[in-house]
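Just so it is clear: chains get the letters A, B, ... in the order the sequence lines come, proteins before strands, and each one is counted from 1.
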Amino acid sequence: MAFYAFCVIAFVTVISALMVIRARNPVHSVLWLILTFFSSAGLFVLIGAEFLAMLLVVVYVGAVAVLFLFVVMMLDVDFVELKDGTLRYWPFAILVGIVFAAEIVMASVFGVHSLPDAFDAAPGADTNAEAIGQVMYTDYLLLFQLAGVVLLVAMIGAIVLTLRHRPETKRQNIAKQTSRRRGDAYELKDPKPGQGI
Amino acid sequence: MSNYIESMGQLWGPLMVLGQIGLFTLVLLLSIAFLLLLDRKVWAGVMMRKGPNVVGPFGLLQSFADFGKFLLKEIVIPAGANKFVFLFAPILTCTLAFAAWSAIPVAPGTVSGTSWVISNLNVGILYLFAISSLGVYGIIMGGWASNSKYPFLGALRSAAQMVSYEVSIGFVIITVILMVGSMNLTDIVNNQDGGFWNWHVLAFQNFPLVIVMVPMFVIFFVSALAETNRPPFDLPEAESELVAGYQVEYGSTPYLLFMLGEYLNIVLMCSMMTILFLGGWHGPIALGDDFARDHPFLTSFSGLFWFMFKTFFFFFLFAMVKAIVPRYRYDQLMRLGWKIFLPTSLVAVLVVGGYVAYMGVQS
């Protein structure tokens, strides 16, 4: 049963990954990419790594791919021009493809041929979540923290690069807005007829 | 319950699961039909109107009449729309909304430690979180595929809004997970037995945490409103600015699927609040283990009653909020999410984590 499930999910993963580069419309590409992520999560579930599968869905599908989709939808892409442009890169693409194929062949010749039947998704712990937590927060705590610092630097860098102080923008002062009372907003006048204020 | 299914043989197992899913879906859909009516009735009541009262006694059959009308209408696809994505978006929304319910435990099982749930996942709460974070795709795809300005603006707003509020929902969930020490929803509910003072919203066993858990509960409630695009955070479909947001071009069955998915998600959020904070199927006073042993079925059904009652109560609160609170401005919404809820819930995770690590959690 698990074997058939694996066949179906692996087939969907490969086909949708192919469709990511086959699709003409970039939005369709992103949608296929989402399907690829999702079926990869299915593969994780099949080997018993439920926690990893859910994290993949939450982080990649739920957040990263949303931002991808966001950006791609906003782009105004001219497909014909785009296609002409990419044709120039095909020698490079073929080179990358050959290297990658060679790596896969080498891995399959010299590496482990099949997954062991009793794959341990949670080595040294009860659940997958515990095993990952053990590795990340106990064994490799320093590296994990450093990775966090790198991300923080990247985030600050992005903000510094894009933040320009524009004096003409009108900013909202929330504290001022909420502290406004009825008396500040209007005053009552009693204009006499023919006099005005 | 799963042991029972396995003992039935190869053919009976899948059939039993299919039967459970069918029954669950039927009950869920019927509940949605009447909750929708309740929503409209509450809204009407606050406005001193009568609400739907023509079809059936007190308008009880209104939802079914609407259902028939949606099904019989012609599906209009706008010119220039991306046909496949346009029709796929509502189907996705509805499918995901149903899929999330497969992990919700609704009542205690007859064997202690088990529950009435279709799939008792070890990472149940993460599964719910993952599925609800996928809900945004239906909206973005629908808004984009309509090839129209208002739907696209609505979709962009909704994507930003849902991603923002998911963050604080995630942190609130983490505080509960820290207290329980498990991501299994059945374990989370069973951690709260023994009476209403043990519910996570009060967390009486870990007394000092009350000052954290009550605000966490409020944050979760408000974030749930924002996550499901309910008023006062219904900016993606704000009729005064965007006509109806991402739904503008939808009619008949695709619209029905959108609306059904939306309401399923709302009720899902209500049941999540019930499970995470209000003790799930546990009544306010514990009946004791002896009672559960002597009357297993009565225990199950009283559990089901309490679960439905609490979920219903939260849905009523959602309806009241819709009727009473005026709509937020978009920048205020983002400010609330990122500058108030996110830091508060982050601090709460630190506090609860520190408490669990240094004081030890009592259950």
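Only the side chain of B:Tyr137 comes within contact range of chain A, with at least one heavy atom under 4.5 Å from a heavy atom of that chain. Proximity to chain B (any heavy atom under 4.5 Å) is restricted, for A:Gln177, to the side chain, taken from C-beta onward. At a 4.5 Å heavy-atom cutoff, A:Leu67 makes no contact with chain B through either its backbone or its side chain. Of the two parts of A:Leu56, neither the backbone nor the side chain holds a non-hydrogen atom closer than 4.5 Å to a non-hydrogen atom of chain B. Within the 4.5 angstrom heavy-atom criterion, no atom of B:Met162 approaches chain A. Both the backbone and the side chain of B:Leu156 come within contact range of chain A, judged by heavy atoms closer than 4.5 Å. Looking at A:Ala129, only its side chain comes within 4.5 Å of chain B, counting heavy atoms on both sides. Only the side chain of B:Val85 comes within contact range of chain A, judged by heavy atoms closer than 4.5 Å.
Among all heavy-atom pairs drawn from B:Ser133 and A:Gly62, the shortest one is OG-CA, 3.7 Å. Taking both residues in full, the closest heavy atoms of B:Ala160 and A:Phe70 are given as N-CE1, 4.2 Å, listed atom of the first, atom of the second, then distance.
By the 4.5 Å heavy-atom criterion applied to side chains, A:His28 and B:Phe84 are not counted as neighbours. Side chains of A:Val58 and B:Glu166 form no contact here, defined as non-hydrogen atoms less than 4.5 Å apart.
Rounded to the nearest 0.5 angstrom, B:Gln332 CD and A:Ile174 CD1 are separated by 5.5 Å. Atoms CG and CD1, on B:Leu134 and A:Ile34 in that order, are 9.0 Å from each other to the nearest 0.5 Å. Distance CG/A:Asn128 to CG/B:Asn122: 10.0 Å, rounded to 0.5 Å. Distance CG/B:Leu126 to CG/A:Leu52: 11.0 Å, rounded to 0.5 Å.
A 6.0 Å sphere centred on CZ of A:Arg22 holds no more than 12 heavy atoms belonging to other residues, nucleotides or ligands. Annotation: B:Trp101, atom CH2; neighbour count of heavy atoms from other residues, nucleotides and ligands within 6.0 Å is above 12. No more than 12 heavy atoms of other residues, nucleotides or ligands lie within 6.0 Å of OH in A:Tyr60, so this atom counts as exposed by the packing criterion. The local environment of OH in B:Tyr330 is crowded, with over 12 non-hydrogen atoms from other residues, nucleotides or ligands closer than 6.0 Å. At most 12 heavy atoms of other shown residues, nucleotides or ligands fall within 6.0 angstrom of atom OH in B:Tyr150. Atom CZ of A:Phe37 has more than 12 heavy atoms from other residues, nucleotides or ligands within 6.0 Å.
Considering only heavy-atom pairs separated by less than 4.5 Å from chain B, the leading option among A:Ala41, A:Ala53, A:Ala65 is A:Ala65. With chain A as partner, the option from B:Val163, B:Ile131, B:Asn82, B:Val136 having the largest number of non-hydrogen pairs under 4.5 angstrom is B:Asn82.
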Does the pair A:Met54 and B:Phe129 meet the rule for a side-chain contact (heavy atoms from CB on, under 4.5 Å), with working shown? CA-CA 9 Å; A:Met54 291 307 150; B:Phe129 188 57; over 6 Å; no

